[in-house]
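Read through the structure below, which is laid out as structure tokens, and then see the notes.
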Amino acid sequence: QVQLVESGGGLVQAGGSPRLSCAASGRTFSAYAMGWFRQAPGKEREFVASINSSGERTRYADSVKGRFTISRDNAKNTVYLQMNSLKPEDTAVYYCAVYGSPYLFIATMDPLKYDYWGQGTQVTVSS
């Protein structure tokens, strides 16, 4: 059974720089790409960032490019999302997810490519 547990969210002032973590278990973590998505109230879940299995390749949504950084530590089975220069429009529940196929990094912006999801962590940015 794959489990993903996010942490690091909370109430942050605009311009703040929190870091989200996602600890994974139950699958060979180092073989799978990982992704971060978010969902704001009344909106659909949207792609934020993804990283391939080795950590050498990343992809970002245009809305966060240059502000957010995704990384992973395969020795700790953990993926991170460093968020800088937060804006009120970044307020959302943030989810990490495991890509469904090992060693692939294709169409990682599509949530349907991921087969396990964490419970989410709320990030609220105050202006």
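All of these numbers come straight from a predicted model, not from anything done at the bench. Sequential numbering from 1 along the given sequence is applied to the chain's residues.
Between the side chain of E6 and the backbone N or O of C96 there is at least one donor-acceptor pair closer than 3.5 Å. In this structure, the side chain of Y114 does not engage the main chain of W36 through any donor-acceptor pair within 3.5 Å. Checking side-chain atoms of D90 against main-chain N and O of A14 turns up no donor-acceptor pair under 3.5 Å. Judged by distance alone, with hydrogens and angles left aside, the side-chain atoms of R45 form no donor-acceptor pair with the main-chain N or O of Y95 at under 3.5 Å. Remark: the backbone N or O of N52 is paired with a side-chain donor or acceptor of R72 at under 3.5 angstrom. Not a single donor-acceptor pair under 3.5 Å links the side chain of Q3 to the backbone N or O of G26. In this structure, the side chain of T78 does not engage the main chain of A23 through any donor-acceptor pair within 3.5 Å.
No chain of hydrophobic side-chain contacts below 4.5 Å, direct or via other Ile, Leu, Val, Met, Phe, Trp or Tyr residues, connects V5 to I70. Using a 4.5 Å cut-off between side-chain heavy atoms of Ile, Leu, Val, Met, Phe, Trp and Tyr, with links allowed through other members, I51 and Y99 fall into different hydrophobic clusters. Two different hydrophobic clusters hold Y80 and V123 under the rule that ILVMFWY side chains link at heavy-atom gaps under 4.5 Å. With hydrophobic clusters built from ILVMFWY side chains whose heavy atoms lie under 4.5 angstrom apart, V12 shares a cluster with M83. Hydrophobic cluster membership differs between L104 and Y116, with clusters built from Ile, Leu, Val, Met, Phe, Trp and Tyr side chains linked at under 4.5 angstrom.
Expressed to the nearest 0.5 Å, how far CZ of R67 lies from OH of Y60 amounts to 12.0 Å. Taken to the nearest 0.5 Å, the CZ atom of F105 stands 6.5 Å off from the OG1 atom of T58. Note: D73 CG to S30 OG = 11.0 Å, rounded to the nearest 0.5 Å. Rounded to the nearest 0.5 Å, atoms CD (Q13) and OG (S127) are 9.5 Å apart. Rounding to the nearest 0.5 Å places OG of S71 at 8.5 Å from CG of L81.
Here the closest non-hydrogen pair linking K113 and A107 is CG-O, 3.4 Å. A pairwise comparison of heavy atoms in V64 and V48 identifies CG2-O, 3.5 Å as the closest pair. Across every non-hydrogen atom of A92 and A40, the tightest pair is CB-N, 3.8 Å. Between Q39 and K43 the shortest heavy-atom distance is NE2-O, 3.1 Å. Here the shortest heavy-atom pairing between T108 and S50 reads OG1-OG, 2.7 Å. Taking every heavy atom of both residues into account, P18 and G8 meet most closely at CB-O, 4.3 Å.
Contact of the V125 side chain with the E89 side chain is not registered, since no non-hydrogen atoms from C-beta on lie closer than 4.5 Å. The closest side-chain heavy-atom distance from R38 to S63 is below 4.5 Å. Side-chain contact between F68 and L86: present, with at least one pair of heavy atoms (C-beta onward) separated by less than 4.5 Å.
The pair D62-K65 meets the salt-bridge criterion, since a charged nitrogen lies less than 4.0 angstrom from a carboxylate oxygen.
The aromatic rings of F37 and F47 lie perpendicular to each other, with more than 60° between the two planes, well past the 30° mark.
Y32 carries R27 over the face of its six-membered ring, with the cationic atom under 6.0 Å from the centre and within 45° of the normal.
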Open item on the list: Set out, in order, the CA-CA distance, both residues' side-chain angles and the distance that settles side chain to side chain contact (heavy atoms under 4.5 Å, CB included) for T91 and Q122, then state yes or no.
Closed with: CA-CA 8 Å; T91 294; Q122 176 72 46; 4.0 Å; yes

